[in-house]
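Following: one structure in structure tokens, then a few remarks.
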Amino acid sequence: MSARILTMSRAGREALDWEMERRDDIFCLGEDVYKFGGIFGTMDGFGAKYGPERVISTPISETGFIGMAAGAAMEGMHPVIDLAYIDFIGVCYNVLLNTASKTHYMSGGAVKVPMTLLIGTGGGYNNAAQHSQCLHATVAHIPGVKVVYPSNAYDAKGMLHTALRDDNFTIFLTHKATAGVGWMGTPIKTTLSEVPLEDYTVPFGKVKIYREGTDVTLIGLGMSVHECLKAADDLAKDGISAQVVDLRSLVPLDRDGIMAAVAQTGRLVVTDEDYLSYGVSGEILATIFERDPTILKKPPIRVAMPDIPIPFSRPMEQAVLPLAEKIAKQARKLMA
Amino acid sequence: MSARILTMSRAGREALDWEMERRDDIFCLGEDVYKFGGIFGTMDGFGAKYGPERVISTPISETGFIGMAAGAAMEGMHPVIDLAYIDFIGVCYNVLLNTASKTHYMSGGAVKVPMTLLIGTGGGYNNAAQHSQCLHATVAHIPGVKVVYPSNAYDAKGMLHTALRDDNFTIFLTHKATAGVGWMGTPIKTTLSEVPLEDYTVPFGKVKIYREGTDVTLIGLGMSVHECLKAADDLAKDGISAQVVDLRSLVPLDRDGIMAAVAQTGRLVVTDEDYLSYGVSGEILATIFERDPTILKKPPIRVAMPDIPIPFSRPMEQAVLPLAEKIAKQARKLMA
Amino acid sequence: MPLTPELRRSFFEQMTLSRAFDDQMIALYWEGKLPIFQFGAGPLPGELHCSNGAEPVGAGVCGALSADDMLTADHRPHHVAVCRGVDLDRMAAELLGKKTGLSQGKGGHMHIYDPSVNFASSAIIAEGMAPAAGMALARRLQKRPGVAVAFIGEGAANQGAFHETLNLVGVMKLPFIVVVQDNEWGVSTSKSESTAIERNSDRAASYGLAGEFVASNDPDDIYEATVRAVARARAGQGGTVLELKTARLAGHFMGDQQAYIPEQMKQADPIPLYRAKLLRDGVLTEAEADAIETASKARMEQAMQFAKDSPYPEPAEAFDHVFAGGSEASDKQEAGAAA
Amino acid sequence: MPLTPELRRSFFEQMTLSRAFDDQMIALYWEGKLPIFQFGAGPLPGELHCSNGAEPVGAGVCGALSADDMLTADHRPHHVAVCRGVDLDRMAAELLGKKTGLSQGKGGHMHIYDPSVNFASSAIIAEGMAPAAGMALARRLQKRPGVAVAFIGEGAANQGAFHETLNLVGVMKLPFIVVVQDNEWGVSTSKSESTAIERNSDRAASYGLAGEFVASNDPDDIYEATVRAVARARAGQGGTVLELKTARLAGHFMGDQQAYIPEQMKQADPIPLYRAKLLRDGVLTEAEADAIETASKARMEQAMQFAKDSPYPEPAEAFDHVFAGGSEASDKQEAGAAA
Ligand SMILES: Cc1ncc(C[n+]2csc(CCOP(=O)(O)OP(=O)(O)O)c2C)c(N)n1
Ligand SMILES: Cc1ncc(C[n+]2csc(CCOP(=O)(O)OP(=O)(O)O)c2C)c(N)n1
Ligand SMILES: [Mg+2]
Ligand SMILES: [Mg+2]
């Protein structure tokens, strides 16, 4: 069948629309979703199409409506929740930490909680310390929740189909800069993909090799994948062949895939827009270190958000983001 | 001056009492602190001594009273808050994540938020998935908060003095099994220390070498320190000399101290009762890997809580805790 | 259903069965915990919050519900679970951490789930509020009947989830009842110390909900108030804050000395009071009442025996049920503590 | 203080100054964002929530407060900050991310702090409620006077922090006022869609607090209601939920097309209305009113010039102020992105 070039936003919307057309168990809720279609337009036009019963604009009561979603899931529905910014998890964290993630286990498998929580992450557009965080490690540290993080349109559609057909609680992250929505300017080219019209699934727990390379591996997730790609372009000018790996999924984490990819180059820069310490970059390094450090010719390097609140002003924010220039610089160090 | 053998609970209480006697800016709040003196007895008897104005029993409104503490701190007080179980951070996480930790930064240094949040962590006593978590990595991942974690009485007193004299937000963690309070049975011997009567401070950000050793380094924090000590005793019977390192402080993290300690043995087991992935154990391994992996003769091994909710039943919980036996087994593997 | 003698007899049966459950669990709890108290010791480890004194709430509310209705309870769930008809054997086995338990030993006493009777519970204060409202919403979307009932303590009414959920219930006109069990205490903190006004039922007005208050801790009165609330819910007239004065006779949890409770605040035991009332009303004779109490104890002894005789789960079962449909935690086991 | 002509003139001055602030910021906001809109572009990047229409709230409430009192505002802080007397130059510079800004460029428009006038703001909904109550508590412990005033939107009144804080205020009888700015919208969601009852001031009864509602969006009425609330607070009579009907004339944030607002819900601009009223009442002449508007614009132009002329912070300043008394973040810089 035919495919079109889509943004992540449109691709994700297609998956949700497909499932909603065919299944009664899915409904959407979140702030302003009825009129605005969700932060990434994943529910764009759904208000008119599916009506206010299935596309529910909620009060600003995240503990209330995400907790309700968990209850509806226990009763056989599959709610799809829009939580615009991951910075807001602070007001509803218990539902994530203790309710939606642990009920299946605490009930010995008797109760299922199939629900999909869409959350936007990341900065780079001067929205300051309370609207620019990634915090993906915070949610991935919770046992009992799957955490996925597509960075292109093809994966966005396929992984959303997968999430919607999964019997578990999935946190589906999208970096705001990758989605291709109006308020973030012209979409980043590498986020766009050919997207098949029909439905398809992309399995969780497999890294994606975005670009083959032989000299150095650049690992990223969300927006930092695209910074890695930019860095790889830049490195290519120097004749350095960089492999770019997208983690795509934090829970489950494809540890074998990481090992296999890194082994191909023997040099590693891990990038992460989330805070450096106690996060994803550490887990990747630890995995390699405990499994087989000899696959690396040199110690790995991390390029991550330092452990500081995110500053508003552009010169400061740009200085702390894990941007392509910094990634390329570290890769060059490894090649020296 | 003279010293006595104290539990962590009594030692911590002494520090807080000393400061409260001398300073008007300190007050205590939390659920049941007036009558019960806080989960670890840190405020034991304070209700009678300091009165209900300075020892405030609150409603079960963690967002409310911890948020209030943050506001009081901004107005020049130094509140000491008792949040019994770290599992409860879910209902007040925003105050930790966005308010108390970030206000100093977001105000460009204009506003200070000096406050100390006492929290109990950990399991091992069959209190199930919502009352047994450690989650120290979750709070340590937040920029702008200091996170400390004494594991013996001497450190408990000294680090609490330090926290109370610090101008920042400090999360002061105590593993429930280490505190030496009535409901957890006979205190663990290695948590008891000679504690000077007078006040003293223990600086944040320095590891403590609990036991010298030459063959293998066992790193732990909170309760797992004591499991490491037990493992070291056991290993000694086989002639294996294990060094035991207590992290004591997660923010700031003593990366230099970790490197120096590990370099002395060249073999490493990191233990952690918090969930394995995206946590402390990964950060320790990553630090060594990126700085100088050649200090290790063999790949390091992690013994941590697996990424599962904590089961209630004893055989299952015991099987997943990072206990001495498991630690010793991994250390022996490294010596083989 | 009117308040028939049969119904009232069943209240007494359920109350005594619930009490037998708690009394026998309390006795077992202390095994292995004396002389040195330790939460983790003995055949029934962990915290234990018993329902002694709150049985009228379980009996009266559950008596007014139908099989369709959905319940969430809190850290003190026994009386509601027993009166709802949760499988007694498997519930007892769960408290003992046995393989035959409702959750195969994974949950313990604060995490009782029995989907066959639409019962769930959880341990974070007010955590069950929003999920209950969501269950009600699910049923509406599914065009299936069902009222959701969240059981909380009076202490939980000061938690944010209470407010957010009730506002959502009001906006969405959901068939929902929150049962606020006012036992006067949240651990050692009295209601007047924690709550700015006397009655949480008055807070219903903030959400366009009905508020009802029952002062008697008597299952008949509780039943009738619940019947009214259920009728409103089924008629699409929205939710109710149903505050019920009740009692907490066995402390906050086992080990609580309750020295903080002054003499004048000592609470009455509702079971002998109800027994006397039923005798007075001619619903039961002394002999019948004795027989019911004896039968309840015997039934519970049987459940206890089932629990004690059941095997523990295998240690490796800890890794099951992390995810539905196969556990992706497995890759972490290898790296982790299971090694 | 009675509602003197001088006071009313000052309300007009402040309202026009606040409007000038917003209008000039809006004009600047679009620089670099056309034809392709992007939050991150131009000299004033990020989200921008302007206060156009809400100026009477800032003028009326702040007019009734004294220097001791403490304010927390939300994501829409300009009108409160301007009327409170936050340093205009440094506030403008903060919005532009300049070194001379109140937070040296670290905060931006949602994080305005000026301790010299006891002003703070933050961007998570209802986040400022509990800290404000805590400020009031601090003053009580310090035996210093001061009423705390938290400014929120009507949408924030459905957040758990609203409930928890007001109950604490009620229990502790704190000198506290929450100003609920009812501009009818929380982003695209109307109050009737989000809130189960019509007036949040009625929710005061849930906490033993006073509730007041002002429907006019007129600073005189707002001032007088605030005076009453402040008097109660200072007299130790506790807190107030002060709900003020107001307007949101420039959308939720810049870029909001507001297609969701039906014609009959279009809101009136309070500034020309108040101007006309002052003219009618003989407080101002046309010429005086014009002069005030001109002066406000000029003052703001001066602030804007200050902001534009100021330098940006150095990139490395990002690492300052993580902790008071020296940044322990430094060890992480080396390992991290600063490399
Ligand atoms: C969010 C949260 N805070 C604190 C606790 C600890 N805790 C457990 S029960 C309890 C008291 C609850 O009082 P109430 O709601 O009145 O119920 P009761 O115990 O009286 O039945 C507290 C504070 C908790 N489980 N969750
Ligand atoms: C906890 C949280 N949820 C959601 C948001 C996103 N958000 C920012 S402003 C806003 C609407 C607020 O409405 P209201 O309180 O009425 O204030 P107004 O914008 O009308 O001034 C929302 C939903 C947020 N900042 N914090
Ligand atoms: Mg109670
Ligand atoms: Mg509004």
Side-chain angles (χ1 to χ4, degrees), chain A residues 24-25 27 29 53-54 56 58-77 79 91-92 94-95 97-114 143-146 166-169 204-205 251-256 286-287 290-291, chain C residues 70 72 94 101-108 110-116 118 120 122-124 126-142 144 146 148 159-161 163-169 171-172 174 313 317 320-325 328-332 335:
Chain A
D24 283 342
D25 60 332
F27 71 103
L29 75 175
E53 290 264 306
R54 288 185 75 193
I56 304 172
T58 63
I60 310 171
S61 309
E62 288 84 357
T63 288
F65 70 78
I66 304 181
M68 280 183 65
M74 295 175 203
E75 248 338 276
M77 302 298 288
V91 301
C92 54
N94 187 60
V95 189
L97 176 68
N98 285 321
T99 316
S101 54
K102 295 193 169 81
T103 297
H104 184 67
Y105 188 86
M106 295 189 302
S107 70
V111 180
K112 292 195 178 82
V113 191
V145 55
K146 299 186 180 183
D166 195 298
D167 260 349
N168 295 284
F169 173 30
F204 295 172
V251 182
L253 178 64
D254 184 7
R255 297 182 202 263
D256 294 338
T287 298
E290 66 190 355
R291 291 197 170 194
Chain C
M70 299 151 286
T72 66
E94 187 58 35
L102 288 162
S103 299
Q104 303 174 45
K106 291 207 164 74
M110 290 188 273
H111 307 289
I112 302 289
Y113 299 89
D114 188 350
S116 70
N118 295 319
S122 57
I124 305 295
E127 185 182 16
M129 293 274 310
M135 292 170 188
L137 174 65
R139 289 292 181 80
R140 173 189 291 172
L141 290 165
Q142 294 160 349
R144 294 162 60 207
Q159 183 70 217
H163 177 70
E164 295 192 8
T165 303
L166 293 184
N167 182 60
L168 279 155
V169 164
V171 167
M172 302 178 82
L174 291 170
E317 290 180 38
D320 299 338
H321 305 305
V322 178
F323 291 111
E328 277 88 355
S330 53
D331 76 312
K332 293 159 186 172

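All chains are named by letter (A, B, ...) in the order of the sequence lines, taking the proteins before the strands, and each is independently numbered beginning at 1.
Residues C/Arg144 and A/Glu75 have side chains in contact (heavy-atom distance under 4.5 Å, counting atoms from C-beta outward). In this structure, A/Asp254 and A/Asp256 have side chains that are in contact, with non-hydrogen atoms separated by less than 4.5 Å. You'll find the side chain of C/Asn118 stays beyond 4.5 Å of the side chain of C/Met135, heavy atoms only. C/Glu164 places none of its side-chain heavy atoms less than 4.5 Å from the side chain of A/Ile66.
Rounded to the nearest 0.5 angstrom, A/Leu29 CG and A/Arg54 CZ are separated by 13.0 Å. Here A/Asn168 contributes atom CG and A/Ser101 contributes atom OG; the two are 11.0 Å apart, rounded to the nearest 0.5 Å. Going from atom OG of C/Ser122 over to atom CE of C/Met110 covers 10.5 Å, rounded to the nearest 0.5 Å. In this structure, A/Arg291 CZ and A/Arg255 CZ are separated by 6.5 Å, a value rounded to the nearest 0.5 Å. Atom CG of C/Leu137 sits about 6.0 Å away from atom CG of C/Leu174, to the nearest 0.5 Å.
In terms of heavy-atom pairs under 4.5 Å with chain C, the best-connected choice from A/Pro143, A/Ala110, A/Ser61 is A/Ser61. With chain C as the partner, the residue from A/Phe27, A/Phe169, A/Phe204 showing the most heavy-atom pairs under 4.5 Å is A/Phe27. Most heavy-atom pairs under 4.5 Å with chain A, from the set C/His163, C/Gln142, C/Glu94: that is C/Gln142. Comparing C/Val169, C/Thr165, C/Leu102, C/Leu141 by heavy-atom pairs within less than 4.5 Å of chain A, the highest count is held by C/Leu141. Of the residues considered (A/Gly76, A/Gly71, A/Gly205, A/Cys92), A/Gly71 shows the highest number of contacts with chain C, using heavy-atom pairs under 4.5 Å. Listed options C/Arg140, C/Gln104, C/His111, C/Glu317 were ranked by heavy-atom pairs under 4.5 angstrom with chain A; first place goes to C/His111.
Interface residue A/Met77: backbone and side-chain heavy atoms are both found under 4.5 Å from chain C. For C/Met129, no part lies under 4.5 angstrom from a heavy atom of chain A. In this structure, no portion of C/Asp114 lies under 4.5 Å from any heavy atom of chain A. Looking at A/Val113, neither its backbone nor its side chain comes within 4.5 Å of chain C, counting heavy atoms on both sides. Contacts between C/Met172 and chain A at a heavy-atom distance below 4.5 Å involve the side chain alone, from C-beta outward. Only the side chain of C/Ile124 comes within contact range of chain A, with heavy atoms under 4.5 Å apart. Residue contact with chain C, scored on non-hydrogen atoms closer than 4.5 Å, involves the backbone and the side chain of A/Phe65 alike. Contact of A/Thr103 with chain C is made through backbone and side chain together, with heavy-atom distances under 4.5 Å. For A/Asp24, no part lies under 4.5 angstrom from a heavy atom of chain C. Only the side chain of A/Ile56 comes within less than 4.5 Å of a heavy atom in chain C; its backbone stays farther off.
The residues A/Asp166 and A/Lys112 are annotated as not salt-bridged, no charged nitrogen and carboxylate oxygen being separated by less than 4.0 angstrom.
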